[in-house]
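No hydrogens, no waters, no symmetry mates; every other heavy atom, side chains included, goes into these values. Computed from a predicted structure; not experimentally measured. In this chain, numbering begins with 1 at the start of the sequence shown. Note that ligands are numbered from 1 as they come in the structure, with each ligand's atoms numbered from 1 the same way.
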Amino acid sequence: MIADEDVEAFWRDGVVCLRDVVPAAWLARLEAPLEATLASGQAADLGVLAGPGEATGRFAAGTDHWRTSDDLRAFASESPLPGLAAALLRSEHVWLYEDSVLVKEPGSSLRTEFHTDAAYFHATGAAMGTFWVPLDPTDQANGTLRFVTGSHRWPKDFRPNLFVTTDPIPGTEGDVVPDVLADPDLAAAVVSFDLRPGDVTVHHARTLHGAPANTTADRRRRALSVRYCGDGVTWQPRPGLPLSEHQAALPAGGPLGPPACLPVWPPTT
Ligand SMILES: O=C(O)CCC(=O)C(=O)O
């Protein structure tokens with residue numbers, strides 16, 4: 001199902017690109033629920049975080065759509081992704097941590113600032129990774145992700161920022177994310193992938209990553225991120241970050257499980 005070299009690349013580089021792994025029928029099933037998250041406001045414009053008059057265009061994002069959409073829950077739990085996650089995370093058991101709709105519309109000036117997903121997770125452990133699943137062809141012009149290779153191995157716990165600004169989230173802890181593109185050594189370690197629908201990138205939760213603005217006039221950048229945890233990950237509420245109701249039920253230091261995290265591997269049917 002997945003080549004050993006891909007698993008090795010994920011652990012070595014902190015990111016791997018898998019080509020043509022999401023069947024067209026699954027991609028088609030994502031379209032309507034993704035638009036529904038935009039229409040309902042579940043995925044909301046992040047422009048407000050940039051400050052009045054700072055941003056042009058829309059970049060809408062939301063989380064935990066699997067809790068309300070049968071199609072998005074099915075995608076996260078029954079598509080090829082859980083099996084791929086088990087292989088990449090070298091785990092016998094995999095839990096869905098969260099999913100996230102991320103739509104950068106044409107002309108959106110908002111960059112996704114460099115961050116690690118681990119900084120936002122109420123979970124700790126090595127086996128954590130994010131699948132980024134584009135529904136449109138993506139490249140640097142419309143905001144494909146970019147990654148600092150090897151950064152998942154740095155002995156640093158980064159502070160979460162406001163995603164479209166470098167301002168840290170008040171009350172949180174950790175190292176300040178460096179200005180990646182201004183540092184020639186870090187900039188040289190940045191990679192990105194031109195993707196077509198069906199391709200995904202998978203990055204480790206500790207890998208620094210971000211995305212440029214969508215500078216195109218007419219190419220949407222619709223994507224769904226699906227974030228998984230594997231063996232050895234435990235629940236660890238993070239200071240300064242909100243806990244939603246379904247997350248508050250899990251005790252600190254304990255194993256992952258419902259209602260916060262959905263078990264998705266091994267498959268139950
Ligand atoms: O889609 C984006 O611009 C950012 C996505 C991201 O950072 C993630 O899913 O981890």
Side-chain angles (χ1 to χ4, degrees), residues 10 13-18 22 30 34 37-38 42-47 49-50 55 57-66 72 75-76 81 85 88-89 96-123 128-149 151-152 158-166 169 177 180-181 190-195 197 199-216 219-229 241:
F10 173 76
D13 300 335
V15 61
V16 65
C17 175
L18 304 178
V22 183
L30 295 179
L34 188 141
T37 68
L38 299 176
Q42 243 194 71
D45 188 20
L46 298 182
L49 298 173
R58 277 175 63 83
F59 175 22
T63 52
D64 283 336
H65 313 292
W66 64 274
L72 294 180
F75 182 69
L81 264 59
L88 285 172
L89 297 175
L96 170 64
Y97 182 83
E98 67 183 6
D99 62 356
S100 178
V101 163
L102 297 144
V103 178
K104 215 171 261 201
E105 301 287 3
S108 171
S109 63
L110 290 171
R111 280 191 310 271
T112 311
E113 297 294 350
F114 282 94
H115 64 277
T116 67
D117 294 349
Y120 302 79
F121 277 18
H122 296 297
M128 304 196 288
T130 293
F131 285 67
W132 194 74
V133 183
L135 273 72
D136 301 296
T138 65
D139 51 35
Q140 285 294 306
N142 70 341
T144 201
L145 293 194
R146 48 193 178 193
F147 308 87
V148 184
T149 50
S151 53
H152 63 306
F158 287 112
R159 194 170 170 186
N161 59 29
L162 287 174
F163 214 61
V164 292
T165 82
T166 54
I169 297 180
V177 174
V180 169
L181 300 177
V190 171
V191 294
S192 69
F193 304 89
D194 292 355
L195 303 176
D199 302 342
V200 301
T201 53
V202 192
H203 59 269
H204 192 275
R206 292 179 65 84
T207 301
L208 277 175
H209 63 285
N214 184 343
T215 57
T216 70
R219 291 173 48 215
R220 300 182 83 192
R221 195 223 66 177
R222 294 168 301 159
L224 179 72
S225 270
V226 191
R227 307 192 173 116
Y228 294 107
C229 297
L241 289 179

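In the vicinity of Asp117, heavy-atom distances shorter than 4.0 Å reach the ligand 1 atoms 10 (O). Of all the atoms in ligand 1, the ones that sit under 4.0 Å from a non-hydrogen atom of Ala211 are 3 (O). Close approach of ligand 1 to His203 is summarised as follows: ligand atoms under 4.0 Å from at least one heavy atom of the residue are 10 (O). Shown in contact with Leu145 at under 4.0 Å from a heavy atom are these atoms of ligand 1, numbered in order with element: 1 (O), 2 (C), 3 (O), 4 (C), 5 (C). Every atom of ligand 1 with a heavy atom of Phe59 under 4.0 Å away is listed here by number and element: 3 (O).
Considering backbone and side-chain atoms alike, Lys104 places every N or O at 3.5 Å or more from each N or O of ligand 1. Checked by distance only, ligand 1 and Ser225 come closer than 3.5 Å through their nitrogen or oxygen atoms.
Side-chain atoms of Asp136 come within 3.5 Å of backbone N or O of Arg222 as a donor-acceptor pair. Listed for the Arg219 side chain is no donor-acceptor partner under 3.5 Å among the backbone atoms of Asn142. Side-chain N or O atoms of Lys104 include none that pairs as donor or acceptor with a backbone N or O of Ala223 at under 3.5 Å. Panel note: side chain Asp199, backbone Pro134; no donor-acceptor pair is recorded below 3.5 Å. Looking only at distances, no side-chain donor or acceptor of Thr216 sits under 3.5 Å from a matching main-chain atom of Pro106. With hydrogens and angles disregarded, a donor-acceptor distance shorter than 3.5 Å links the side chain of Asn161 to the backbone of Phe114.
Counting heavy atoms under 4.0 Å from ligand 1, residue Phe147 does not touch it at all.
Of the listed residues (Thr112, Val101, Asp99, Thr201), the one carrying the non-hydrogen atom nearest atom 4 (C) of ligand 1 is Thr112.
For Phe158 and His115, the ring centers are positioned 6.0 Å apart or more.
Of all protein heavy atoms, the one lying nearest to atom 6 (C) of ligand 1 is His209 NE2, 3.6 Å. The protein heavy atom nearest to atom 8 (C) of ligand 1 is Arg227 NH2, 3.2 Å. Nearest protein neighbour of atom 1 (O) of ligand 1, counting heavy atoms only, is Arg221 NH2, 2.8 Å. Of all protein heavy atoms, the one lying nearest to atom 5 (C) of ligand 1 is Leu102 CD1, 3.6 Å.
Applying the 6.0 Å contact sphere to CZ of Arg111 captures no more than 12 heavy atoms from other residues, nucleotides or ligands.
Scanning both residues, Ala119 and Arg159, for their nearest heavy atoms gives CB-C, 4.1 Å.
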